Novice: 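Can you keep this structure in mind? I'll have questions shortly.
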Protein chains: 2
Amino acid sequence: MFTIGHVARATDCKVQTIRYYEQIGLLPQAPRSEGNRRLYAQADIDRLAFIRHARELGFPLDAIRELLSLSDDPNQSCAAADAIARRQLDQVERRITGLVSLKTELMRMIEQCRGGKISDCRVIEVLSDHAQCVTENHQMTEAKP
Amino acid sequence: MFTIGHVARATDCKVQTIRYYEQIGLLPQAPRSEGNRRLYAQADIDRLAFIRHARELGFPLDAIRELLSLSDDPNQSCAAADAIARRQLDQVERRITGLVSLKTELMRMIEQCRGGKISDCRVIEVLSDHAQCVTENHQMTEAKP
DNA sequence: GGTTGCTTCTACAGCTACTGTAGATGTTAT
DNA sequence: ATAACATCTACAGTAGCTGTAGAAGCAACC
């Protein structure tokens, strides 16, 4: 059995965040030691690693909850999990496109900056144009009501 | 001059969010009409579109504030602007790298999920495996050339 | 056995970046 | 003139944490 501190180090996650996940039911109630400390097994570390990684991918906690519940009920169809993954893939692709154009613009600025002023900075123009094309059809998962 | 509602529609941004950005100084104080309504010019729409786009790319407001300062302050020393641009470029590149590998993961997940049941769906498995690989490579990702 | 020092406990406040609501007022169309 | 809608201010609430206070557990050294 592991302490909460060990689990936190193993998953690169704050102790408070683990307690928070328990509080909102994303992690099960941990059994306690004699002295009331939470005790964890390897399965808990795996589950938390999954949650943290999914968060890094940009999954909101509700989607993670859904994925975890799907894994708890292994006879269900994969369609729901697939839909979540596809939504995230869509997001990721759009972010990559946007970041690549921002990268290009930043590189151009650094180039021009060599021995001059930045009086012709075009960051806003470049990215506001791109923003229009991006925001027409799509919306961030996190920003949803 | 445009109303706040027009600007909101043009940038796919809530009216309250525009007022919030003004409040925290990300947008300038808008001049008011006779009846106290905020009035906006095209430049404000561009600026807001830039902010929204940068947010979608995952930049925190502080980073956006810094990027905006590049175009707000065209006479600031080249060294300062260069430092900001380089720091942001570094961020952008790291994000792109991370997102590209996440994209690969998601595509693999969708591929493996096709037409199966959860019992042979590897979504969660792949995600927790990847979590381990991310933790392992964390220092490599952070390393600078 | 006592003391130091770290970890963990609960409880709650604060953070970022919004989002929603109430109630008043401005604006526009019929 | 009245209805319908937009905008105003002010403030409360949300997600997903993160920090802090103050107490208690625990391990090590003297």
Side-chain angles (χ1 to χ4, degrees), chain A residues 1-27 29-40 44-45 47-68 84 88 91 95 131 135 139-145, chain B residues 1-27 29-40 44-45 47-68 91:
Chain A
M1 288 302 217
F2 309 105
T3 64
I4 197 168
H6 175 93
V7 174
R9 282 185 297 275
T11 55
D12 194 25
C13 178
K14 298 267 159 88
V15 165
Q16 296 103 305
T17 305
I18 299 174
R19 291 198 281 249
Y20 170 71
Y21 287 160
E22 178 181 313
Q23 192 186 298
I24 63 168
L26 220 55
L27 291 176
Q29 300 265 109
R32 303 301 181 102
S33 72
E34 278 293 295
N36 199 36
R37 271 80 214 276
R38 286 173 181 83
L39 295 173
Y40 296 94
D44 298 306
I45 295 178
R47 192 181 176 91
L48 181 56
F50 165 74
I51 295 167
R52 292 310 296 167
H53 182 58
R55 288 291 299 134
E56 277 175 36
L57 291 179
F59 286 83
L61 290 184
D62 280 353
I64 295 168
R65 208 186 287 273
E66 203 179 347
L67 281 167
L68 286 169
I84 292 167
Q88 291 300 324
Q91 260 306 307
R95 281 190 199 201
T135 50
Q139 197 174 10
M140 278 184 74
T141 316
E142 282 112 335
K144 283 217 69 186
Chain B
M1 289 300 219
F2 308 105
T3 64
I4 197 168
H6 175 92
V7 174
R9 281 185 297 276
T11 56
D12 194 24
C13 176
K14 299 268 158 89
V15 165
Q16 295 103 304
T17 305
I18 300 174
R19 292 197 280 246
Y20 169 71
Y21 287 160
E22 178 181 314
Q23 193 185 299
I24 62 167
L26 219 56
L27 292 175
Q29 298 266 109
R32 303 300 182 103
S33 71
E34 277 292 296
N36 199 35
R37 271 79 216 276
R38 288 172 179 82
L39 295 173
Y40 296 94
D44 298 305
I45 295 177
R47 189 182 178 93
L48 180 56
F50 167 76
I51 295 168
R52 294 310 297 165
H53 183 57
R55 288 292 300 132
E56 277 176 34
L57 296 180
F59 286 90
L61 291 184
D62 279 355
I64 294 168
R65 210 185 284 274
E66 199 174 38
L67 281 167
L68 286 169
Q91 270 292 317

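Note that these values count all heavy atoms, side chains included, but never hydrogens, waters or copies made by symmetry. It should be emphasised that the depicted structure is a prediction, and the values quoted were computed from it without experimental measurement. In what follows, chains carry the letters A, B, and so on, assigned in the order in which the sequence lines appear, proteins first and then strands, with residues in each chain numbered from 1.
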Novice: With a 4.5 Å limit on heavy-atom distance, are the side chains of B:Thr11 and B:Ile51 in contact?
Specialist: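 A side-chain contact is absent here, since even the closest heavy-atom pair is not under 4.5 Å.
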Novice: For the helix from C:dG1-D:dC30 to C:dT30-D:dA1, how many degrees between its two end axes (five pairs per end), to the nearest 10°?
Specialist: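 Helix axis angle between the two ends: 0°.
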Novice: If you define the side chain from C-beta out and look only at heavy atoms, does anything of A:Arg19 sit under 4.5 Å from A:Leu27?
Specialist: no
Novice: Taking only side-chain N and O atoms of B:Arg38, does any of them lie within less than 4.0 angstrom of OP1 or OP2 on D:dC8?
Specialist: yes
Novice: Got a second to check how far A:Ile4's CD1 is from A:Gln16's CD, nearest 0.5 Å?
Specialist: 8.5 Å
Novice: Nearest whole angstrom, please: distance from the C1' of C:dC6 to the NE2 of A:His6.
Specialist: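 To the nearest whole Å, that distance equals 18 Å.
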Novice: With side chains defined as the heavy atoms from C-beta onward, is the minimum distance between A:Arg52 and A:Leu48 less than 4.5 Å?
Specialist: yes
Novice: Using a cut-off of 4.0 Å between protein heavy atoms and nucleotide atoms, how would you tag nucleotides 24-30 of chain C 5' to 3' with B, S and -?
Specialist: -BSS---
Novice: What integer distance in Å separates A:Asp62:CG from D:dA15:P?
Specialist: 8 Å
Novice: Could you identify which residues of residues 15-27 of chain A place a heavy atom less than 4.0 Å from some atom of DNA chain D, listed by residue number, or say none?
Specialist: A:Gln16, A:Thr17, A:Tyr20, A:Tyr21
Novice: Are OP1 or OP2 of D:dT7 and a side-chain N or O of B:Thr3 less than 4.0 angstrom apart?
Specialist: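 Affirmative; the distance criterion is met.
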Novice: Touch check for B:Arg65, heavy atoms < 4.0 angstrom, all strands: base, sugar-phosphate only, or nothing?
Specialist: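 Here B:Arg65 touches no strand at all.
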Novice: Starting at the 5' end of DNA chain D and moving along, which residue's nearest nucleotide shows up first, A:Ile51 or B:Ile4?
Specialist: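 Upstream on the strand: B:Ile4.
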Novice: Would you indicate whether the side-chain heavy atoms of A:Tyr40 and A:Arg47 approach each other to under 4.5 Å?
Specialist: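 With C-beta onward as the side chain, the pair stays apart.
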Novice: I want to verify a distance call: between C:dT19, C:dC9, C:dA17, whose nearest atom is closest to the A:Arg32 side chain?
Specialist: C:dC9
Novice: If you define the side chain from C-beta out and look only at heavy atoms, does anything of A:Leu26 sit under 4.5 Å from A:Tyr20?
Specialist: no
Novice: Quick one: is B:Lys14 getting a side-chain N or O under 4.0 Å of the C:dG20 phosphate, OP1 or OP2?
Specialist: yes
Novice: Should A:Ile64 and A:Leu61 count as side-chain neighbours, where that means a heavy-atom distance under 4.5 Å?
Specialist: yes
Novice: Does some side-chain heavy atom of B:Val7 sit less than 4.5 Å from a side-chain heavy atom of B:Asp44?
Specialist: no
